[in-house]
2 protein chains.
Amino acid sequence: MKPADISHTACSYTHVLEIISNKWTALVIYSLENGTIRYGEIKRRIDGISQKMLTQTLKQLERDGLVSRKVTPSVPPIVDYTLTPLGETLIPCMKMLKGWAAEHYPSVQKARESYLLAEADAAVRQLKS
Amino acid sequence: MKPADISHTACSYTHVLEIISNKWTALVIYSLENGTIRYGEIKRRIDGISQKMLTQTLKQLERDGLVSRKVTPSVPPIVDYTLTPLGETLIPCMKMLKGWAAEHYPSVQKARESYLLAEADAAVRQLKS
DNA sequence: CGGGATCCGCTGGGATACTG
DNA sequence: CAGTATCCCAGCGGATCCCG
């Protein structure tokens, strides 16, 4: 195996990102963390999500075998969503990501501010010359 | 705190995804895992990345304080990239994601196939009726 | 060598309205 | 209630050419 190409190892990252990288997936999984809930309940828990995106995200998660969907035909209809055992295996990963963000995101924000300052400073110096 | 809104806890996910969710960031970090390398070397290691995206990704990582950039003015110029200590804290997370993908991605693929089969089956039954 | 600048297609995702 | 359907736009990301 050639060390010049990390694609083989890297595709694992691509795969997992393919699943959780879109805007709402992680939040939906997180909202299902504590057990079965209904469509409307998920929507209420996730601030700002549109019906379209929620439906689309859930459908994708169902297709990937991470979430199961149970329809109770009644009027009005009831649709429950639950993490599958496979879906539950993602929870530790998500906790780790959450932990990282909680611990290190402030540093990232500080870095961004410094970067903007340095950038502005450079621009000023440019103008003076 | 109201259980109806997970936004507060959830924003941690949003933050970390904001950093690593785009197409190439994870791969770039991974290519820097073993120490300082040059721009061209990164590009060679990541199959399929364009200069634009590599430059853009590196700039964003530098802005976020995860990667440091060192320019050696010479002809031709040399530009080295290194993970900062902050950037290195991401490695364990990435390893965990990689581990998850290695272990569970096959299941996801199987789920996708079953889903497609069931979908096609339903379509057929629809036509028969 | 390590980028910057520009053009452009694709699609992620929001808003709104309608259905069973 | 739990979606589906449609319109629409911003921006991601690829391709290409140029520069110091």
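For the side-chain hydrogen bond (donor to acceptor under 3.5 Å, both in side chains) test, no residue two or more places apart in sequence or in another chain qualifies with Ser114(B). By the salt bridge (Lys or Arg N to Asp or Glu O under 4.0 Å) test, Lys59(B) pairs with no residue at all, sequence neighbours left out. Legend: residues meeting salt bridge (Lys or Arg N to Asp or Glu O under 4.0 Å) with Glu88(A), ordered by chain and number and at least two apart, are absent. Partners of Ser68(A) under the side-chain hydrogen bond (donor to acceptor under 3.5 Å, both in side chains) rule, at least two apart in sequence or in another chain, do not exist in this structure. Annotation: salt bridge (Lys or Arg N to Asp or Glu O under 4.0 Å) contacts of Lys95(A) (sequence neighbours excluded): Glu33(A).
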So which protein nitrogen or oxygen atoms get under 3.5 Å of nucleotides 6-12 of chain C's nitrogens or oxygens?
none

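First and last contacts of DNA chain D with chain B, using any nucleotide atom under 4.0 Å from a protein heavy atom and ordered 5' to 3', fall at dG13(D) to dG20(D).
A salt bridge links Arg44(B) to Glu41(B): one of the charged nitrogens lies within less than 4.0 Å of a carboxylate oxygen.
Looking at Ile42(B) and Leu58(B), their side chains come closer than 4.5 Å, going by heavy atoms from C-beta outward.
Counting only residues at least two apart or in different chains, ring-ring contact (aromatic ring centres under 6.0 Å, His included) contacts with residues 65-103 of chain A comprise Trp100(A)-His104(A). Sequence neighbours left out, the pairs with a member in residues 61-70 of chain B that pass salt bridge (Lys or Arg N to Asp or Glu O under 4.0 Å) are Arg112(A)-Asp64(B).
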Dot-bracket encoding per residue of DNA chain C, Watson-Crick/G-U cut-off under 3.5 Å, | denoting interstrand: ||||||||||||||||||||
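Grouping the Ile, Leu, Val, Met, Phe, Trp and Tyr side chains by contacts below 4.5 angstrom, directly or via other members, places Tyr115(B) apart from Val108(B).
Note: CG (Leu54(B)) to P (dG2(C)) measures 10 Å, nearest angstrom.
Summary of the strand contacts: Ser21(A) and Gly40(B) both lie near DNA chain C, and taking for each the nucleotide with the nearest heavy atom, the more 5' one is attributed to Gly40(B).
Between Tyr13(A) and the choices Tyr30(B), Trp24(B), Tyr105(B), the ring-ring contact (aromatic ring centres under 6.0 Å, His included) rule is met once, by Tyr30(B).
The stretch residues 58-78 of chain B touches DNA chain D through Pro77(B), each having a heavy atom under 4.0 angstrom from the strand.
Listed by chain and number, the hydrophobic cluster partners of Met96(B) are Met96(A), where partners are ILVMFWY side chains within reach of under 4.5 Å, directly or through others.
Judged by distance alone, the side chains of Ser21(A) and Ser21(B) never bring a donor and an acceptor atom under 3.5 Å apart.
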